[in-house]
Protein chains: 2
Amino acid sequence: MVKKYNISVEATLEVIGGKWKCVILCHLTHGRKRTSDLKRIMPKITQKMLTQQLRELERDGIVNRISYNQVPPKVEYELSEYGWSLKPILDSLCAWGNIHIIKEYGDKSLMLEDNGLND
Amino acid sequence: MVKKYNISVEATLEVIGGKWKCVILCHLTHGRKRTSDLKRIMPKITQKMLTQQLRELERDGIVNRISYNQVPPKVEYELSEYGWSLKPILDSLCAWGNIHIIKEYGDKSLMLEDNGLND
DNA sequence: TTATATAGTTACTTTAAAGTAACATAGGCA
DNA sequence: TGCCTATGTTACTTTAAAGTAACTATATAA
C-alpha cells in the first residue's frame with residue numbers, strides 16, 4: 001500500500017475540507033436541524049450541495065441522519081458523538097475567523113450575514 | 001457592500017483552506033524552513049504550488065519570507081507572529097487527524113509518510 | 001383531482017484548484 | 001566559456017469542486 005498522507009492534518013481535511021462542510025458543522029453545533037432549517041440558515045447553499053455534503057459527513061460518521069417516515073418528508077441532522085469531537089476545532093476556527101475579519105475589515109458586522117449566529 | 005460570510009469560519013478557510021496551506025503551516029510550526037527543506041519534507045508538492053501558497057500566506061500576514069541576497073538564492077519561511085496564533089488550530093487539526101487515521105485504518109504508520117514528523 | 005409541501009436525485013455546465021513542463025536569473029567555479 | 005546552484009515564473013493542461021435546472025416521490029388538504 002502507498003502511504004496516503006504526508007502529515008495527519010490531511011486526514012482531517014479529507015473529512016471537513018471543502019467550501020461547505022465546516023459551515024454546516026458549525027451550525028449543527030447549535031443543535032439538531034432539519035434540511036429546511038439548514039437551507040434557511042445558509043441561503044446560498046444549493047439543495048444539491050447540502051445533500052451531498054451531508055451524505056459525505058454521514059458516511060464519515062460525523063453526523064446522524066434522522067428520517068421521520070412521513071409526507072411531506074421530515075429529516076433532521078445532528079452531530080454524532082464522533083462529530084462532537086470536532087467541536088473544539090470548529091469553535092477555534094470560528095474564533096480565529098472573527099479575529100481575522102476584525103483585523104482585515106475593522107468591523108465584523110459589515111462582513112457577516114445576519115443569521116442570528118454571529119453575535 | 002454585500003455581506004461576504006455566512007459565518008466566521010469561512011474567513012478562516014479563505015486563509016488556510018485548500019490542499020496545501022495547512023500542511024505547509026504545520027511544518028513551519030516546527031521551525032523556520034528553506035524552500036528546499038519544504039520541498040524535501042513534502043515531496044509531492046510542486047515548485048509552483050509551493051511558491052504560490054507561500055506567497056498567499058505571506059500576503060495574508062501568516063508567514064514571513066526571509067530572503068538572503070546571495071547566489072544561488074537562499075530563502076527562508078517562518079510563521080509570523082500572527083501566523084503563530086494559528087498554532088492551537090493546526091495542532092488540534094493534526095491531533096484529530098491522527099485519531100481519525102487510527103479509527104479508519106487501525107495503524108497510522110501504514111498511512112503516514114516517514115518524514116520524521118509523524119512520531 | 002389537483003395543488004402543496006419537503007427532501008432528494010440526475011445530467012449537465014461552469015468555475016476554480018491543482019499539476020506539468022519549459023524557461024529565467026546570476027554569481028561562482030571548473 | 002559554460003555549467004552549476006536554488007528559487008521562482010509563465011503558459012498551458014488537467015482534474016476536481018461547485019453550481020444550475022429540471023425532475024421525482026407521495027400523503028394530505030383544499
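- Between the side chains of B:Asn6 and A:His27, at least one donor N or O sits under 3.5 Å from an acceptor N or O.
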Exercise for the section: Begin with the C-alpha distance, continue with both residues' side-chain angles, and end with the deciding distance and a verdict on side-chain contact (heavy atoms from CB on, under 4.5 Å) for B:Cys26 and B:Leu90. Expected result: CA-CA 6 Å; B:Cys26 283; B:Leu90 297 167; 4.1 Å; yes
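- Atom CE of A:Met49 is separated from atom CH2 of A:Trp20 by 8.0 Å, given to the nearest 0.5 angstrom.
- Between B:Arg32 atom CZ and B:Leu79 atom CG the span is 11.0 Å, to the nearest 0.5 Å.
- With sequence neighbours excluded, no residue forms a side-chain hydrogen bond (donor to acceptor under 3.5 Å, both in side chains) with B:Glu10.
- Remark on the helix from C:dT1-D:dA30 to C:dA30-D:dT1: inter-end axis angle 30°, axes from five-pair C1' superpositions, rounded to 10°.
- Contacts with DNA chain D (heavy atom under 4.0 Å) in residues 21-39 of chain B: B:Arg34, B:Thr35, B:Ser36, B:Lys39, listed by number.
- Applying the side-chain hydrogen bond (donor to acceptor under 3.5 Å, both in side chains) criterion to B:Lys33, with sequence neighbours excluded, gives no partner residue.
- Under the side-chain hydrogen bond (donor to acceptor under 3.5 Å, both in side chains) criterion, B:Thr51 pairs with B:Gln47, sequence neighbours left out.
- A sub-4.0 Å separation between OP1 or OP2 of D:dG8 and a side-chain N or O of B:Tyr77 is present.
- Shown here is B:Gln70, whose CD atom has more than 12 heavy atoms of other residues, nucleotides or ligands within 6.0 Å.
- From the 5' end on, the contacts that DNA chain C makes with chain B at under 4.0 Å to a non-hydrogen atom open and close at C:dA18 to C:dG27.
- Annotation: side chain to side chain contact (heavy atoms under 4.5 Å, CB included) contacts of B:Thr12 (sequence neighbours excluded): A:Leu93, A:Trp96, B:Ile16.
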Under 3.5 Å between N/O atoms: give me all the protein pairs with nucleotides 1-4 of chain D, atom names plus distance.
none

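- In this structure, CE on A:Met111 lies 7.0 Å from CD1 on A:Ile101, to the nearest 0.5 angstrom.
- Separating the CG atom in B:Leu57 from the CZ atom in B:Arg55 is a distance of 11.5 Å, to the nearest 0.5 Å.
- In terms of the salt bridge (Lys or Arg N to Asp or Glu O under 4.0 Å) criterion, residue partners of B:Lys87 (sequence neighbours excluded) are, by chain and number, B:Asp91.
- Scanning residues 46-55 of chain B for heavy-atom distances under 4.0 Å to DNA chain D yields B:Gln47, B:Lys48, B:Thr51, B:Arg55.
- A donor-acceptor contact closer than 3.5 angstrom is absent between the side chains of B:Tyr77 and B:Glu58.
- Against DNA chain D, the stretch residues 61-72 of chain B makes heavy-atom approaches under 4.0 Å through B:Arg65, B:Pro72.
- The backbone N or O of A:Val75 lies less than 3.5 Å from no partner atom in the side chain of A:Ser67, so there is not a single donor-acceptor pair.
- To the nearest 0.5 Å, the span separating SG on A:Cys22 from CG on A:Leu13 amounts to 8.5 Å.
- Residues of residues 9-19 of chain A that place a heavy atom closer than 4.0 Å to DNA chain D, in numerical order, are A:Gly18, A:Lys19.
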